[in-house]
Engineer: 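After the structure tokens below, expect a handful of questions from me.
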Amino acid sequence: MDSFLQNDITYLKGMGPKRADLLKKELGIFTVADLLRHYPYKYIDRSKIYKIAEINSTLTHIQLQGRITDFRQEGPKYKKRLIAAFSDNSGSIELVWFQGIKWVEKSYEKGIEYIVFGRPAMFGRKINIAHPEIELASAFEKTSGSALQPQYSTTEKLKTNYINSKTIQKLITSVLQNPSLKIRESLPEYLVNDLKLHSLQKALYDIHLPSTQAKIKKAELRLKFEELFLLQLKILKQKYGRSKHFKGYVFKKVGDIFNRFYSDNLTFELTGSQKKVMHEIRSDLGSGKQMNRLLQGDVGSGKTLVALMSILIALDNGYQTCIMAPTEVLAAQHFHTITNWIVGLGIQVKLLTGSSKKKERDTIFENLQNGSLQILIGTHALLEDPVQFRNLGLVIIDEQHRFGVAQRARLWKKSSQPPHVLVMTATPIPRTLAMTVYGDLDVSVIDEMPPGRKPVQTYHYFESKRLAMYGFLKKLVDRGQQVYIVYPLIEESEKLDYIALEDGYAGVTEFFPPPDYTTVCVHGKMKTEEKDFGMRLFKEGKAHIMVATTVIEVGVDIPNASIMVIESAERFGLSQLHQLRGRVGRGNEQSYCIMMTGYKLSNEAKKRIETMVNTTDGFEIAEADMKLRGPGDIEGTQQSGVPFDLKISNLVRDGQILQFARDVATRILDQDPELSDQKNSLLNKQISNMKSSQFDWSTIS
């Protein structure tokens, strides 16, 4: 019977080639097994039959029992609709069809007792039900079995071809009610018994044909656990395999360069969090295994310092290093920061970007190959073929989600054996997502800000408060502080956005007139020289206000800039709002973030704004972001291609099951890393058959 599950759905009773083709194209359902793994997204309790007189606009679904008393057609010839008057002993209601009119008139008769089920809606002053489900009352009583009716996701194309949730339910029911159906277990017997899980057959039966809510819960637990467990097992097995097959350079010592930097150049104490992360990195670098570590930390938490200290350990052991950043602004920022930190240590460091001149590039290429250039910082330019290292031992990738995997792989291959890899992000990643998307990387978190940093005070103002907001800015500017004013820039409305930016710039210069105040404007359409000139004026304190697009989201570090005004804040995502706020709060002054919005805010926009006002914790914000948008849309996962397709579990709601599944997978792999024991042969087969992701996360961070 196991082979039956692999049969093409075309041959199921009531299917046929046309319907099968649509299900394959629209929902990716090719086999009977795929059909059984198309789970309900919710259940509707059909135990109650309402009287028509009880219907009100708060009910999402209703079930009625009565008779059709009349049919009539309305509307022009090309846009006809069919209306049926449906009555019980308490009143009447209209049933409406916009399609399949001839079929409906043939199928249902006046005066017969029917059960009608659907969603009530107001049309004018009347309540009606469009395209209801209808069945004979006598048949309903015999076949209802369970009052819990599963609802299956479909598409508009399927619905227009009469394949709705009910159609899918009937197909699945006919498979599950086949008395000879035997579904082979997908997890080892010892695991099912130890964890007291439902068998796969029982779980599938109860998820599609439930008799109680309790049975749904148990079935969900089994199916969610299986999905997340096999995913974690695959990820962790790759991690075990990487540590076995990919040997890393051994950095045996913390030597003269590191110690001189620590004693002479570091003028402040590391935070406890930085010390903990450095301990983790030092342990990796000396282990003989290739380091593949993700370093998370909010803007301003000190990730760059940790990266530099890791670099110095590599230099002490005779290896070259590089830092790759997504923009020239951020690469230049790293170059200047690191150059200032290593003064007097005799280290050669260079910057390579698309703007580097040919003569400068040639010198860099030569010095890389002879080994005299120890640290190379740059953008995508680091990936060019002429960039060849003599002995690359450590690669650091900043804001790594902005690079494609193929790009990262090219950098990774510029070494005779895999270099140690440290990827950094200031975009906090929710714990459940990190366990899955980055599950094979070791994760370090800097969750402590340097001492003396005051949390940024965040406010939300509507447009009516603009003059008061400008007055507040004026007070702070007159005290010597600097201001960012940021406008959204969305490709779809780019022209309108630039107009808004220019209008905003005009409004600011009117309230802050030259020559008393200097305001610069910076955006992506400007020539590089103009943009750099504006940035430089602001950085040197010669400009009081910078009006900009999100070009300043990453990589501008100006401690004296203590006010961030975000215009049309409702148009930004939570991650972007948090990144922008991170541009201030870097000096000793109290810093402020002011979000300006219009009055019409969607519920989601309100939640984003409230989250920003209520917390400055990046991880709390990331969790809220995932709840609002779902895991596939979080910045950094969609671009990379989330390497999993979850059919029943949800990373937002099922964090506890995920952690439990990971713990179980870890326990099994600790005892049997290759899954070579006979009792684990089924697990080995399962993860080998799982769709491989678009790339191998285990070798390229």
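The first residue in the sequence is number 1, and the count goes up from there.
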Engineer: I need the minimum non-hydrogen distance between Thr31 and Gln6, along with the two atoms involved.
Structural biologist: CG2-O, 3.6 Å
Engineer: So, for Gly118 and Ile129, which heavy atoms are closest and what is the spacing to 0.1 Å?
Structural biologist: CA-CG2, 3.8 Å
Engineer: Okay, side chain of Ser107, backbone of Val104: is any donor-acceptor separation there less than 3.5 Å?
Structural biologist: no
Engineer: Between the side chains of Asn164 and Thr167, is a donor N or O closer than 3.5 angstrom to an acceptor N or O?
Structural biologist: yes
Engineer: For the side chain of Arg608 and the backbone of Asp625, is there at least one donor-acceptor N/O pair under 3.5 Å apart?
Structural biologist: no
Engineer: Are any non-hydrogen side-chain atoms of Leu148 and Gln213 less than 4.5 angstrom apart?
Structural biologist: yes
Engineer: Would Thr10 and Asp21 count as a side-chain contact (heavy atoms from CB on, under 4.5 Å) if you check the C-alpha gap in whole Å, the side-chain angles of each, and the deciding distance to 0.1 Å?
Structural biologist: CA-CA 8 Å; Thr10 309; Asp21 196 44; over 6 Å; no
Engineer: Checking side-chain polar atoms at under 3.5 Å, does Gln296 have a donor or acceptor matched by the opposite partner on Thr425?
Structural biologist: no
Engineer: Looking at Phe30, does the NZ or CZ of Lys24 lie under 6.0 angstrom from its six-membered ring centre and within 45 degrees of the ring axis?
Structural biologist: no
Engineer: Would you indicate whether Glu74, at its atom CD, is surrounded by more than 12 heavy atoms from other residues, nucleotides or ligands within a distance under 6.0 Å?
Structural biologist: yes
Engineer: Quick check against the 3.5 Å criterion: does Asp206 have a side-chain atom that pairs as donor or acceptor with the backbone of Leu209?
Structural biologist: no
Engineer: Which heavy atom of Glu109 sits nearest to which heavy atom of Tyr114, and what is that distance?
Structural biologist: N-OH, 2.9 Å
Engineer: What is the ring orientation for Phe225 with Phe229, classed by angle as parallel under 30°, tilted 30 to 60°, or perpendicular over 60°?
Structural biologist: parallel
Engineer: Would you indicate whether Tyr41, at its atom OH, is surrounded by more than 12 heavy atoms from other residues, nucleotides or ligands within a distance under 6.0 Å?
Structural biologist: yes
Engineer: Quick one: closest heavy-atom pair of Leu682 and Pro188, and the distance?
Structural biologist: CD2-N, 3.8 Å
Engineer: Taking the six-membered ring of Tyr162 as reference, does the cationic atom of Lys159 (NZ for Lys, CZ for Arg) lie under 6.0 Å from its centre and within 45° of its axis?
Structural biologist: no
Engineer: Do the charged groups of Arg667 and Asp663 touch, with an N to O distance under 4.0 Å?
Structural biologist: no
Engineer: Checking side-chain polar atoms at under 3.5 Å, does Thr458 have a donor or acceptor matched by the opposite partner on Arg581?
Structural biologist: yes
Engineer: Which distance, rounded to the nearest 0.5 Å, do you find between the CD1 of Ile235 and the CD1 of Ile687?
Structural biologist: 10.5 Å
Engineer: Got a salt bridge between Arg72 and Glu94, using NZ or NE/NH1/NH2 to carboxylate O under 4.0 Å?
Structural biologist: yes
Engineer: Kindly compute the distance separating OH (Tyr43) from CD (Gln151), expressed to the nearest 0.5 Å.
Structural biologist: 10.5 Å
Engineer: Does Glu185 come within less than 4.0 Å of Lys202, counting only side-chain N to carboxylate O?
Structural biologist: no
Engineer: Hey, what's the ring geometry for Phe117 with His61, parallel, tilted or perpendicular (30° and 60° as the breaks)?
Structural biologist: parallel
Engineer: Does the side chain of Tyr152 come under 3.5 Å of the side chain of His208 through a donor N or O and an acceptor N or O?
Structural biologist: yes
Engineer: Has the side chain of Gln686 got a donor or acceptor atom that lies under 3.5 Å from a matching backbone atom of Ser186?
Structural biologist: yes
Engineer: Between CZ of Arg184 and CD of Gln201, what distance do you get to the nearest 0.5 Å?
Structural biologist: 12.5 Å
Engineer: From the options Asn193, Leu187, Val192, select the one residue that forms a side chain to side chain contact (heavy atoms under 4.5 Å, CB included) with Glu189.
Structural biologist: Asn193
Engineer: Are any side-chain N or O atoms of Arg222 and backbone N or O atoms of His198, one a donor and one an acceptor, separated by less than 3.5 Å?
Structural biologist: yes
Engineer: Less than 4.5 Å apart, side chain to side chain, heavy atoms only: is that true for Leu230 and Lys234?
Structural biologist: no
Engineer: Got more than 12 heavy atoms from elsewhere within 6.0 Å of NZ, Lys48?
Structural biologist: yes
Engineer: Between Ser649 and Glu227, is there a side-chain donor-acceptor contact under 3.5 Å, judged purely by atom types and distance?
Structural biologist: yes
Engineer: Output yes when Arg37 and Glu226 qualify as a salt bridge under the 4.0 Å nitrogen-oxygen rule, no when they do not.
Structural biologist: yes
Engineer: For Ser165 versus Pro150, what's the shortest heavy-atom pair and its separation?
Structural biologist: OG-O, 3.7 Å
Engineer: Tell me if a side-chain donor or acceptor on Gln73 pairs with a main-chain N or O of Leu82 at a distance below 3.5 Å.
Structural biologist: no
Engineer: Side chains of Tyr190 and Asn680: is there a donor and an acceptor less than 3.5 Å apart?
Structural biologist: yes
Engineer: Can you name the nearest heavy-atom pair linking Ala569 to Thr597, along with the distance?
Structural biologist: CB-CG2, 4.0 Å
